[in-house]
Amino acid sequence: MANLIVNPRKWRNKALVLATEATYALDAAPTGLLNWIEARNVSLTPMDVDRAERNIDLPYMGTSGSVIVSTWAKLAFDIAIAPSGVVGTAPKWGALLMACGLAETVTAATSVAYNLVSNVFSSATAYMVIDGTLHKLLGMRGEVKAKMSAKGLPMLSFAFDACYVTPVTGAMPTVDRTGWTLEEAINSVNTGPVNIGGVPLSFSEFDWALGNKIARMDNPGPQREILITDRKPTASITVLAPDLATFNPFALNDSGATLDLTSMHGTVAGKKFKTEMKARITGVEYAQIEEMVGYKLTLEPLPVNGNDEIALTCM
């Protein structure tokens, strides 16, 4: 017998393009030449539905079924943290951060800063083409997490919810990879120490998440929107343990003090990435770093003046 499908579609053949929306859920029409995303580990849920059970009492066993009340889509992927290479030029992944509740501020020839906001959130349109099928995702908003591990690559992980659009046949876009620079490994050459409360420390793992609370509104009116309704950031860092006279995490934990944390990755202008955080130490565990004594610190990022618990800057 002949194969049912002569040329099966390949998961490997896919492209993601994404752009910031000027108006919520109005197609921003991203293109491969301007808006291609260097995504890794892509996961797409093309239909994610909310259902209402019918709950009919029947004279026999069996379900009475359900009614689909809302249809959404979900998209998740990773990107490497690598600034544009030009000081004061926004990275190609800036639109992703903006759709996660951060605002972008470009200072010409100086920096591009990403700071938290509590209202007027940006949103994004994404086109996900998978070997001949085009998935449009409108009104995207979501969550971002960071992971920096010694002898690894600096990564941001994104998870978005979006308004559903029926998939259609679509050609693979022609993409321009310009602006996506080669990421630099996390090591003693490319990465500086983490500074916690004024003390520089060597680290092996640094993770944080914005902790955005996502709601999916589909109300009469109409009012259909992916909403960021709150955030509760989390973080942890594993550091090489100096003597207690130099750094005493137990005393800092007991004090409840909010500390300034700063980390810089990259050594060349245009490829530097700074993470700033205001956080309390809320847990201390012993850890081993290459069989040396370390601390795994649980951090609680907290706003001091508002929208300042985490800040990111490309320099």
Side-chain angles (χ1 to χ4, degrees), residues 76 78 81 97 100-103 113-119 121 141-159 186 191-215 228-265 273-313:
D78 302 332
I81 301 174
L97 292 177
C100 291
L102 294 104
Y114 295 92
N115 299 99
L116 294 168
V117 295
S118 292
N119 51 44
F121 297 103
R141 290 183 176 131
E143 162 70 346
V144 59
K145 301 177 180 181
K147 185 174 184 62
M148 301 184 71
S149 300
K151 296 187 287 187
L153 302 178
M155 303 298 292
L156 291 174
S157 296
F158 294 91
I186 299 169
T191 315
V194 62
N195 191 299
I196 302 179
V199 180
L201 298 165
S202 174
F203 71 94
S204 63
E205 299 278 346
F206 181 26
D207 304 288
W208 57 261
L210 286 191
N212 286 337
K213 184 178 180 181
I214 303 297
I228 299 175
T229 60
D230 204 354
R231 65 173 174 265
K232 189 176 182 181
T234 58
S236 67
I237 192 164
T238 302
V239 299
L240 199 61
D243 58 76
L244 289 178
T246 301
F247 180 73
N248 189 332
F250 309 103
L252 292 171
N253 183 95
D254 291 341
S255 73
T258 299
L259 307 170
D260 288 325
L261 180 152
T262 304
S263 172
M264 179 74 80
H265 176 66
F273 180 77
K274 181 168 69 171
T275 304
E276 297 173 281
M277 186 178 297
K278 298 182 184 300
R280 292 189 308 196
I281 296 174
T282 58
V284 183
E285 302 176 40
Y286 276 114
Q288 294 186 47
I289 303 176
E290 303 290 355
E291 300 189 28
M292 300 294 106
V293 177
Y295 300 125
K296 181 179 180 180
L297 308 177
T298 300
L299 304 173
E300 184 178 48
L302 294 168
V304 175
N305 297 311
N307 299 315
D308 56 355
E309 57 265 49
I310 296 176
L312 312 171
T313 308

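- The distance from the NZ atom of K232 to the CG atom of L210 is 14.5 Å, given to the nearest 0.5 Å.
- To the nearest 0.5 Å, atom OG1 of residue T238 and atom CD of residue E285 are 8.5 Å apart.
- Rounding to the nearest 0.5 Å places CG of N115 at 6.5 Å from OG1 of T313.
- The shortest side-chain heavy-atom distance between S118 and R231 falls under the 4.5 Å cut-off.
- Between M277 and F206, the closest heavy-atom pair is CE-CZ, 3.9 Å.
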Pair K213, E143 - check salt bridge (charged side-chain N to carboxylate O under 4.0 Å, His left out), show working. CA-CA 8 Å; K213 184 178 180 181; E143 162 70 346; over 6 Å; no
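- For the pair P233 and W208, the minimum side-chain heavy-atom distance is 4.5 Å or more.
- Although no hydrogens or angles enter the test, the distance criterion places no donor-acceptor pair under 3.5 Å between the side chain of N212 and the main chain of I214.
- When all heavy atoms of L244 and P249 are compared, the closest pair comes out as CD2-CD, 4.4 Å.
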Determine whether I310 and L312 satisfy the following criterion, side chain to side chain contact (heavy atoms under 4.5 Å, CB included), listing intermediate values before the conclusion. CA-CA 7 Å; I310 296 176; L312 312 171; 4.2 Å; yes
Checking side chain to side chain contact (heavy atoms under 4.5 Å, CB included) for the pair L299/I281: CA distance, chi angles, key distance, verdict? CA-CA 5 Å; L299 304 173; I281 296 174; 3.9 Å; yes
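- Residues satisfying the ring-ring contact (aromatic ring centres under 6.0 Å, His included) test with Y295, not counting sequence neighbours, are F250, Y286.
- K147 contributes atom NZ, which lies 12.5 Å from atom CG of L156 (distance to the nearest 0.5 angstrom).
- With rounding to the nearest 0.5 Å, the separation of CD in E309 from CG in L116 is 5.0 Å.
- Using a 4.5 Å cut-off on side-chain heavy atoms (C-beta onward), L252 and L297 make no contact.
- Contact record, A103 with V117: CB-CG1, 3.7 Å, taken as the closest heavy-atom pair.
- The shortest heavy-atom contact between S263 and V194 is CB-CG2, 4.5 Å.
- With hydrogens and angles disregarded, no donor-acceptor distance shorter than 3.5 Å links the side chain of D308 to the backbone of K278.
- Within the model, atoms CD1 of I186 and OG of S149 stand 6.0 Å from one another, a figure rounded to the nearest 0.5 Å.
- Here the closest non-hydrogen pair linking G283 and N253 is N-OD1, 3.1 Å.
- Looking at K274 and T262, their side chains come closer than 4.5 Å, going by heavy atoms from C-beta outward.
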Go through the steps for L201 and V199 under the test side chain to side chain contact (heavy atoms under 4.5 Å, CB included), then give the verdict. CA-CA 6 Å; L201 298 165; V199 180; 4.0 Å; yes
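- I237 places a side-chain heavy atom less than 4.5 Å from the side chain of I196.
- Heavy-atom minimum distance, I289 versus G294: CD1-CA, 4.4 Å.
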